[in-house]
4 protein chains.
Amino acid sequence: MSKQKLSHLKQSERDARRKLILEAARSLFSKKDFRNVNVREIAAEAGVSVGTIYNYYADLDELFIDVFLKNIEEITCLLDKENSEGFPTLEKLCEIYITYLSQNMTFYQMMGHFMLGGKLSHESTTKLNQRMRILMDRIEAILRARGFHEDARSLSHALFSALNGIMISYAGYPGRNIEEVHKYTTKLAGIIAGVFKAKLKD
Amino acid sequence: MSKQKLSHLKQSERDARRKLILEAARSLFSKKDFRNVNVREIAAEAGVSVGTIYNYYADLDELFIDVFLKNIEEITCLLDKENSEGFPTLEKLCEIYITYLSQNMTFYQMMGHFMLGGKLSHESTTKLNQRMRILMDRIEAILRARGFHEDARSLSHALFSALNGIMISYAGYPGRNIEEVHKYTTKLAGIIAGVFKAKLKD
Amino acid sequence: MSKQKLSHLKQSERDARRKLILEAARSLFSKKDFRNVNVREIAAEAGVSVGTIYNYYADLDELFIDVFLKNIEEITCLLDKENSEGFPTLEKLCEIYITYLSQNMTFYQMMGHFMLGGKLSHESTTKLNQRMRILMDRIEAILRARGFHEDARSLSHALFSALNGIMISYAGYPGRNIEEVHKYTTKLAGIIAGVFKAKLKD
Amino acid sequence: MSKQKLSHLKQSERDARRKLILEAARSLFSKKDFRNVNVREIAAEAGVSVGTIYNYYADLDELFIDVFLKNIEEITCLLDKENSEGFPTLEKLCEIYITYLSQNMTFYQMMGHFMLGGKLSHESTTKLNQRMRILMDRIEAILRARGFHEDARSLSHALFSALNGIMISYAGYPGRNIEEVHKYTTKLAGIIAGVFKAKLKD
DNA sequence: TATGAATGAGCCTTCATTCAT
DNA sequence: AATGAATGAAGGCTCATTCAT
C-alpha cells in the first residue's frame, strides 16, 4: 500500500473519530442543555476516554463550535435540498427552519453562547463567518426567487435573526408543553413570513 | 409606634436592601457577562456580605430573575412614557427597544439563559409571565394604534422576539466593533419595522 | 467588646488558621518530597477542606513559599539564639546549619525549585529577598566576629551556598543510609569550615 | 557478512538512535527547564515518535539520567583536556566548572531532582556512582597537583558540592539578569577557590 | 522496530451555598 | 439580621506510558 494511501486512510480514520465525538456530543445536547454537559459525559457517550477528546479537540469550546458549525451545515443542506426542487415559499422556508431549530435546541442555545460572551479563536471566527455566509447565500437565494431584490442580504439577516428570536423567546416558555410551544413558534414564524411577504406588494 | 408601622418600616427597609443588591448586580452586569459574575463580586459591589445576599434571595437564579424582571419593567416604563406622548411609530418602537437592549445586554443574555435551560420556581414563572404580559400590552397598544387589529397579540410577540433575535444573532458578532454592530442591528430593526408596516397596506 | 478588639481577635484567628495549614504542609513535607504533595493531602493533614486552603493562600505556590520563608526564619532564629550566647565558631555555625537542613529537607529542595524554574510573584520575591538578607546579616555577623572583615557579605553568601550544595549533592546520595549521609555531610561541612578559617591566617 | 558484524551494526545503529534522542532532550533542556519538558516535545525535537523513545529508554527518568551522565562525562572530558596541558590552578578549575554549569543549567537542576526525590534504578545508581567517581578522580588529581594531599578525596567532594551550591543558590536569583548572575557566581567561585588555597598555606 | 492514538488517574482551582457566631 | 469562613463536589485539562498495527 502506498504511503499516500496509508496517510489517506489514517486521515479518514481520524475524521471518523472526530465525527464520533461530535455526534456523541450532539446526542447529549439533544437530551440536556449543553452548558451542563461535561467532558467525562461526552467521553462516556462516545465510548472513548477523556484524553481522546483532547486528541481531537484543543478544548471543549472547539468541540462546541464544531457542533454549531455542523448545525449550520445541516440547515444549509436542508435548504439546498429544498431549493433544488424549486425554491420554497417564505412560509415553507420559515417552517423548515423553525422545525429544524425545534429539533436542535443546541443551535440557538449556542447562538446565545458564542454570539455573546463566548471567546472564539481567530480560526473559529473565520470558519464560522464562512459557513454563516454560505447559509445566508441560500436564504438570500430564496428571497430573490420570491421577488425580493432590494438589499436582499440584509433581509436575509433580518429574517434569520427574527426566527432565531422566536425560538429563544418562546421555545422554552415556562409552563407550556412541547406541543403547545411548537404550535405557537410555528404560528409566530408564519406571521414573520406573512409580514415579509407583504413587503413585496408595496 | 404601632406594631403595624414598625413592621411596615422593617418591610421597607428590607425592600431597600433588596434593591441595593439588585442594583449592585445590574451595575456589574453592565460591565461584564452575567455568567461570569459570582456572589462574592455582587456582595462586594453592594457593600454587604455574601450571607446577606442569601437573606434576600433564595439563590442566585432568583436574583438573576429579579434583574430580568427589572429590565422588563424598565422597558415597559419606557414605552409608557412614549405612549403618553402619543403612540410612537413602529420604527420608533423598534429603535427604542433595540437601543435599550444595546445598553442592557444582560436582558437578552438572560432571555437565552432562562428561556432555555434555567430552572424557574413556580413563583418566578408566575411573576415573569405577569410582567411579560404587561409589557406585551404596551407593544400591542402601539400596534393597535398603528392600525394592526387582527391578532395584535401574536403580532406583538412576533415583533418582540424578532428584535430579541436581532440582538442575539448580531450584537456580539465576532470581528465587528460596537459602533458597527449598533448601526447594523438598528438597520435590521428598521427592516423588521418596515415589513411589519407593509402588512398594514395589504 | 470593641470593634477593634473583635477585628484583632479575628485577625489572630486567621493567623492561627494560616499557621495550621502551614504546619500541616511542613509536616507532610518532612515525610515526602514536596513536589509529590497535593492540596487534598495538605487539607486532610490540616483537618480542613480543600477550599479552606484557598481561603488562606492564593495558590499552592504561595503556600510553598510560605514554608520556605518559615524555614529561613527558623534558621535566622537559631542563629540569633546562638549569637546571643557569644558568636559560635565557624565549625559550629556549619554544623548548626547542616543539622537544620538534615531535618528540613524541604528547605534545600525548595531552594532548587524556586531559585531555578519557580515563578515568584513580585511580592513573594520582595519578601524572600528581605528575609534572606536578614539571614545573611546573621551569618555575616558571625564571620565578622570570627575576624572576617574583608568582603564579609560575599563570604557569607559563599559559605551559605557551599553548605546548601553539600546537602543537595550528598544528602540523598543513592545507596547510602541516613546516618552515613549525615556523617559525611557533616564532615564536608567541617572541611568547608576549615578552609574558610584557613583564609583568616593568610 | 557475519552474524556478528550484523549484530554489531545493529548495535551501533541502536546507539546512534539513542544518542539522537539524548541530544534532542539536551537541546530542549538548554532552552527550557527540564521539568517542563514532556515526551512529545522530545520526540518531536528528535524527529521520532513517542513510542520510539520508550524503545530506547524504560521511562523518562532513565533518559534524564542519561543526560545527567552525559554532563558528568563532558565535565570530565573538559578537565582531562585541561589536565593534559598541565594541571590548572584552583581558580581556573572553579571557573571552568562554573562556566560549564552556567551553560548547562540542567546539570544542577537534575542534581536537585535526582539527588533528592528521584527514584533511581539499581543500574542507574551504579552507572552514576561510577561516572561520578571518575569525575572526582580528575578533581582530586588537580587538588593533589596543587599540593592538597591530606584527604584529597573529601576535599574534592567539598569543592564540587560548594560550586554546585553556588549555582543552585544564586544562578536563578530573582530580580537579577544573566550577566549580573554570572559575574556574581564567578566571584563566589573565586572566593571558594581562595579559601581552599588558603588551607594549603596553613 | 517504529508508530502515535488511546488511556485515565490525577491535579489544581472555583464557587454556590451553609451555618455558627 | 448580618457576617464571612468553611465546605466539597465538580470541572477542565495534562501527560507518562501502553499497545495494536
Side-chain angles (χ1 to χ4, degrees), chain A residues 1 6-7 9-10 13-14 17-18 21 35-44 46-63, chain B residues 10 13-14 17 36-44 46-64, chain C residues 1 6-7 9-10 13-14 17-18 21 35-44 46-61 63, chain D residues 10 13-14 17 21 36-44 46-64:
Chain A
M1 199 188 290
L6 189 68
S7 110
L9 254 184
K10 273 185 182 167
E13 245 182 72
R14 201 179 157 75
R17 203 73 156 177
R18 206 176 145 110
I21 295 168
R35 291 161 301 191
N36 298 326
V37 168
N38 65 42
V39 222
R40 283 191 257 273
E41 283 176 286
I42 298 173
V48 300
S49 73
V50 168
T52 297
I53 305 273
Y54 289 91
N55 278 338
Y56 291 88
Y57 290 98
D59 53 33
L60 275 199
D61 262 356
E62 203 178 293
L63 169 55
Chain B
K10 274 186 180 169
E13 245 183 68
R14 203 179 155 76
R17 202 75 150 182
N36 298 327
V37 168
N38 63 41
V39 225
R40 280 164 65 179
E41 284 175 285
I42 298 173
V48 301
S49 74
V50 168
T52 297
I53 305 266
Y54 286 88
N55 280 335
Y56 291 88
Y57 290 98
D59 54 32
L60 271 201
D61 264 356
E62 201 179 294
L63 169 55
F64 289 167
Chain C
M1 202 186 287
L6 189 69
S7 111
L9 255 185
K10 273 185 182 169
E13 243 181 72
R14 201 179 157 74
R17 204 73 156 176
R18 206 176 145 110
I21 294 167
R35 290 161 301 191
N36 297 326
V37 167
N38 66 41
V39 223
R40 282 194 261 273
E41 284 176 286
I42 298 174
V48 301
S49 74
V50 168
T52 297
I53 305 274
Y54 289 90
N55 278 339
Y56 291 88
Y57 290 98
D59 53 33
L60 274 199
D61 262 356
L63 170 55
Chain D
K10 274 186 180 169
E13 245 182 68
R14 204 179 154 74
R17 202 77 150 180
I21 294 167
N36 299 326
V37 168
N38 63 40
V39 225
R40 280 165 65 180
E41 284 176 285
I42 298 173
V48 301
S49 74
V50 168
T52 298
I53 306 267
Y54 287 89
N55 280 336
Y56 292 88
Y57 290 98
D59 54 32
L60 271 201
D61 263 356
E62 202 178 294
L63 169 55
F64 289 167

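When reading the values below, keep in mind they use all heavy atoms of this one structure, side chains included, and skip hydrogens, waters and symmetry mates. In what follows, chains are A, B, ... by sequence order, proteins preceding strands, each numbered from 1.
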*Identify, between C:Asn55 and A:Gly47, the residue whose nearest nucleotide on DNA chain E lies closer to the 5' end.*
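The answer here is A:Gly47.
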*Between B:Val39 and A:Val50, which has a closest nucleotide on DNA chain E that is more 5'?*
A:Val50
*Which part of the nucleic acid, if any, lies within reach of A:Ile53 when heavy atoms closer than 4.0 Å are counted: base, sugar-phosphate only, or nothing?*
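It contacts nothing in the nucleic acid.
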*Across the strands shown, which category fits C:Tyr56 at heavy-atom distances under 4.0 angstrom: base, sugar-phosphate, nothing?*
sugar-phosphate
Using atom [atom1] of [X] as one end and atom [atom2] of [N] as the other, report the distance to the nearest whole Å.
| X | N | atom1 | atom2 | value |
| --- | --- | --- | --- | --- |
| C:Ile42 | E:dC11 | CD1 | C1' | 12 Å |
| C:Arg40 | F:dT7 | CZ | C1' | 14 Å |
| A:Tyr57 | F:dT14 | OH | P | 17 Å |
| A:Glu62 | F:dC13 | CD | P | 11 Å |
| A:Asn38 | E:dT14 | CG | C1' | 15 Å |
| A:Leu63 | F:dG12 | CG | C1' | 13 Å |
| C:Asn36 | E:dC12 | CG | P | 11 Å |
| A:Asp61 | F:dG11 | CG | P | 16 Å |

Could you work out which one of [options] sits closest to the side chain of [X]?
| X | options | value |
| --- | --- | --- |
| C:Ser49 | F:dA16, F:dA6, E:dT3 | F:dA6 |
| D:Tyr54 | F:dA16, F:dG8, F:dA2 | F:dA16 |
| C:Val48 | E:dT3, F:dA5, F:dT7 | F:dT7 |
| A:Thr52 | E:dA5, E:dT13, E:dA6 | E:dA6 |
| B:Arg17 | F:dC13, E:dA2, F:dA2 | F:dA2 |

*asked:* Any non-hydrogen side-chain atom of C:Asn55 less than 4.5 Å from a side-chain atom of C:Arg17?
replied: no
*Do B:Tyr54 and B:Val39 have side chains that get closer than 4.5 Å, going by heavy atoms?*
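B:Tyr54 reaches B:Val39 side chain to side chain.
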*Which base sits across from F:dG12 as a Watson-Crick or G-U pair, both distances under 3.5 Å?*
E:dC11
_Nucleotide opposite F:dA20 in a Watson-Crick or G-U pair, distances under 3.5 Å_ = E:dT3
*Residue-phosphate contact under 4.0 Å: B:Arg14 side-chain N/O, F:dA1 OP1/OP2*: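 Checking F:dA1 against B:Arg14, a side-chain N or O does come within under 4.0 Å of OP1 or OP2.
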*Which residue, D:Leu60 or A:Asp59, contacts DNA chain F at a nucleotide closer to its 5' end, judged by nearest heavy atom?*
A:Asp59
*Examine distances only and state if a side-chain atom of A:Glu62 and a backbone atom of A:Asp59 form a donor-acceptor pair shorter than 3.5 Å.*
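Here the side-chain-to-backbone pair does not exist.
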*Can you tell me how far the CD1 atom of C:Ile42 sits from the OH atom of C:Tyr57, to the nearest 0.5 Å?*
10.0 Å
*Atom CZ of D:Phe64 and atom CG of D:Leu60: how far apart are they, to the nearest 0.5 Å?*
5.0 Å
*Quick one: closest heavy-atom pair of C:Asn36 and C:Glu41, and the distance?*
O-OE1, 3.5 Å
